[in-house]
A.B. asks: 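Quick one: this structure, given as structure tokens, is what I'll be asking you about.
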Number of protein chains: 2
Amino acid sequence: MIFKNLSIDCVIFGFRDNKLNVLLWQPEPEIVKKLLILNDVYLEFKEIYENNPALKSDKHWGLIGMHLPVEEDLNDYTKKILEMATGLQNIYLKQFQTFGGINRIPHTRVLTVAYYALINPEYHDLKLSPVAKAVKWFDIDNLPDVAYDAKDIISHALKTLREEAKYHPVGFHLLPDKFTLNELQTLYEVILGKTLDTRNFRKKILNMNLLMDTGEKQKHVAHRAAKLFSFDMEMYNKLREEGLNFSI
Amino acid sequence: MIFKNLSIDCVIFGFRDNKLNVLLWQPEPEIVKKLLILNDVYLEFKEIYENNPALKSDKHWGLIGMHLPVEEDLNDYTKKILEMATGLQNIYLKQFQTFGGINRIPHTRVLTVAYYALINPEYHDLKLSPVAKAVKWFDIDNLPDVAYDAKDIISHALKTLREEAKYHPVGFHLLPDKFTLNELQTLYEVILGKTLDTRNFRKKILNMNLLMDTGEKQKHVAHRAAKLFSFDMEMYNKLREEGLNFSI
DNA sequence: CCAAAAGTGTTAGACCTACACCCATGA
DNA sequence: TCATGGGTGTAGGTCTAACACTTTTGG
């Protein structure tokens, strides 16, 4: 049994080509069917699906999400949805808002608990996901037509992420294990929406003792190769707890 | 019609006797009945009520909240609940988390959208509320027995409030319109859980240009009378947007 | 050797911290 | 006049902001 009036949506952020992207899906009938069978909720879901023509449109994309089964824990089930959609485990995930407007979805009343997730698209293996064919990254400044109030949800997620990134070192989840200082700087410029001074940025970051020099360097680049850093989990967890001021 | 598996809970914070307090209620049958009739949802609510013996206990207190009527907007309805419970309008209110654990409430599955509110107890008129007799302030470090997972919800609310207070000037909602710098300092000491240096606190606060000297002073106090300040709404809104570092 | 990005240091000003005494008031 | 809390200044250290050139690499 699922809650017909309660769904979960995930705004999955990734950092690609120096831009923030969001992972959206387009529910194709075959894929939806597969998903539903996997979850033993076919009939109920089918009803919801049939009653929502927008879900079948091939012009509209949607946030990755589902209705919550009655017997599932809210947070745990969201993790399952994410694993299914990305093939990744241990994703950074944050519940940020529950949307409960009256007319957000026509002809029915559904509340949506919204989460955002931060992943590194490099590690995201579309082939591992049963919904692979319908999943695609979109530049956050260039979203397609999107179902219902997904745009609101995305912009709210972005606002919350920006706020969080000011004071907590969350941005790292969007990078590969090894990254250059310039990649990190660009990421923060994109998240915070302003340009940063390179020298000051480096000083500040390195002073936090958050980064470890891996000893490796970039390879095959047509310019001086940059050092690769990874981040120190222990310090990361400490700074996450304490908070920090990143509003450079 | 109400959502039987979706409720709203409000953690209402007030600042009394130099301590953070929470407003809790004890649903007495008469009062519950009144509430239910007011909301035209008597029968459904009665069923929920009858099936939850904990709600009738006179040992347990609960957060102020109700199930959401299907035709009501989530945020708007929460405001209504608050107005009903406190007699106040325009309360500072923040949705901070939706609780969706499987066994949070025995024998039934209810998800709860939780909010916290900040009010100044001075202005809170119990007589204006239809649930007046059952409502009481409790010191946050000295809570009574509480229904279900209310303790979790309260401690989560407190954590979120602390986090918010570090970077946004929200504490002011807990004070009367006119207050002394020492009241403000004590409030921040309580919220942040540490003592602050008086001289440094004053310098920092006054430098923000957030406070206006009302020209008035305390009266009838057995010591030098302190200046009364109010705060500048314009600057307040600016600082709320921008964020600030209050982690003194 | 050229293009492209990596990497680096200094200075002036702002802000933070630590710290101790006199002042105004009512009882 | 005393008890109580209100109110103030300074100095040293740390952090921030602004700013331009040299280094390394592959093509």
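Only this structure's heavy atoms are used, side chains among them; waters, hydrogens and symmetry mates stay out. In what follows, chains are A, B, ... by sequence order, proteins preceding strands, each numbered from 1.
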A.B. asks: Can you tell me the distance, in whole Å, between the CD atom of Gln185(B) and the P atom of dG6(D)?
C.D. replies: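 Atom CD in Gln185(B) sits about 9 Å away from atom P in dG6(D).
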A.B. asks: How many whole angstroms separate atom CG of Asn18(B) from atom P of dG5(D)?
C.D. replies: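 Interatomic distance, CG of Asn18(B) to P of dG5(D): 10 Å.
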A.B. asks: Starting from P on dC15(C), measure out to CG on Asp197(B) and report it in whole angstrom.
C.D. replies: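 That distance rounds to 17 Å.
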A.B. asks: Expressed in angstrom and rounded to an integer, what is the separation of Met208(B) atom CE from dC16(C) atom C1'?
C.D. replies: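 Distance, rounded to whole Å: 13 Å.
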A.B. asks: Relative to the ring of His173(B), is the ring of Phe231(B) parallel (under 30°), tilted (30 to 60°) or perpendicular (over 60°)?
C.D. replies: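 The arrangement is perpendicular - the two ring planes meet at more than 60°.
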A.B. asks: For nucleotides 14-16 of chain D, give me every protein contact, N/O to N/O, under 3.5 Å, one pair per line with atom names.
C.D. replies:
{"unit_1": "dT16(D)", "atom_1": "OP1", "unit_2": "Lys204(A)", "atom_2": "NZ", "d": "3.3"}

A.B. asks: At their closest point, which heavy atom of Leu174(B) faces which heavy atom of Ile119(B), and how far apart are they?
C.D. replies: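 Looking at all heavy atoms of both residues, the shortest contact is CD2-O, 3.5 Å.
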A.B. asks: Can you find an N or O donor on one side and an acceptor on the other, under 3.5 Å apart, linking the side chain of Arg199(B) with the base of dA20(C)?
C.D. replies: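 It does, because a donor-acceptor pair links the side chain of Arg199(B) to the base of dA20(C) below 3.5 Å.
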A.B. asks: Where do Leu93(A) and Lys79(A) come nearest, in terms of heavy atoms and distance?
C.D. replies: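 Reported closest heavy-atom pair: CD2-CG, 3.9 Å.
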A.B. asks: It should be established whether Asn182(A) places a side-chain nitrogen or oxygen under 4.0 Å from OP1 or OP2 of nucleotide dA5(C).
C.D. replies: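 Answer no for this pair, as no side-chain N or O of Asn182(A) is under 4.0 Å from OP1 or OP2.
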A.B. asks: Enumerate donor-acceptor pairs with a distance under 3.5 Å from any side-chain N or O in residues 9-17 of chain A to protein atoms, sequence neighbours excluded.
C.D. replies:
none

A.B. asks: Nearest heavy-atom pair of Ala165(A) and Tyr188(A): which atoms, and what distance?
C.D. replies: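 Closest approach of Ala165(A) to Tyr188(A), heavy atoms only: O-CE2, 3.9 Å.
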A.B. asks: Which pair of heavy atoms, one from Asn120(B) and one from Pro176(B), lies closest together, and at what distance?
C.D. replies: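 Shortest heavy-atom separation between Asn120(B) and Pro176(B) comes out as ND2-CA, 3.1 Å.
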A.B. asks: Rounded to whole Å, please give me the gap between CZ in Arg224(B) and P in dG7(D).
C.D. replies: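 About 6 Å, once rounded to whole Å.
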A.B. asks: Against Tyr116(B), only a single residue in Glu164(B), Gln95(B), His156(B) fulfils side chain to side chain donor-acceptor pair (under 3.5 Å); can you say which?
C.D. replies: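 Option passing the side chain to side chain donor-acceptor pair (under 3.5 Å) with Tyr116(B): Glu164(B).
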A.B. asks: Quick one: Phe201(A) CZ to dA18(D) P, roughly how many Å, whole number?
C.D. replies: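 Result: 16 Å.
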A.B. asks: How close or far is atom P of dC16(C) from atom CZ of Arg202(B), stated in whole angstroms?
C.D. replies: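 For the pair Arg202(B) CZ and dC16(C) P, the rounded distance is 17 Å.
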A.B. asks: Hey, which sits more toward the 5' end of DNA chain C by its nearest nucleotide, Thr198(B) or Lys227(A)?
C.D. replies: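 Its nearest nucleotide being more 5', the pick is Lys227(A).
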A.B. asks: Less than 3.5 Å apart, any donor N or O on the side chain of Asn200(A) or Lys203(A) sitting next to an acceptor on the other?
C.D. replies: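 A pair is found: one side chain offers a donor N or O, the other an acceptor, under 3.5 Å apart.
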A.B. asks: Using heavy atoms and a sub-4.0 Å distance, could you list which residues of residues 209-220 of chain B are near DNA chain C? By number, please.
C.D. replies: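 None - not one residue of the stretch has a heavy atom sitting under 4.0 Å from the strand.
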A.B. asks: Is there a salt bridge (Lys or Arg N to Asp or Glu O under 4.0 Å) between Asp141(B) and Lys19(B) once you walk through the steps?
C.D. replies: CA-CA 9 Å; Asp141(B) 293 319; Lys19(B) 292 191 166 169; over 6 Å; no
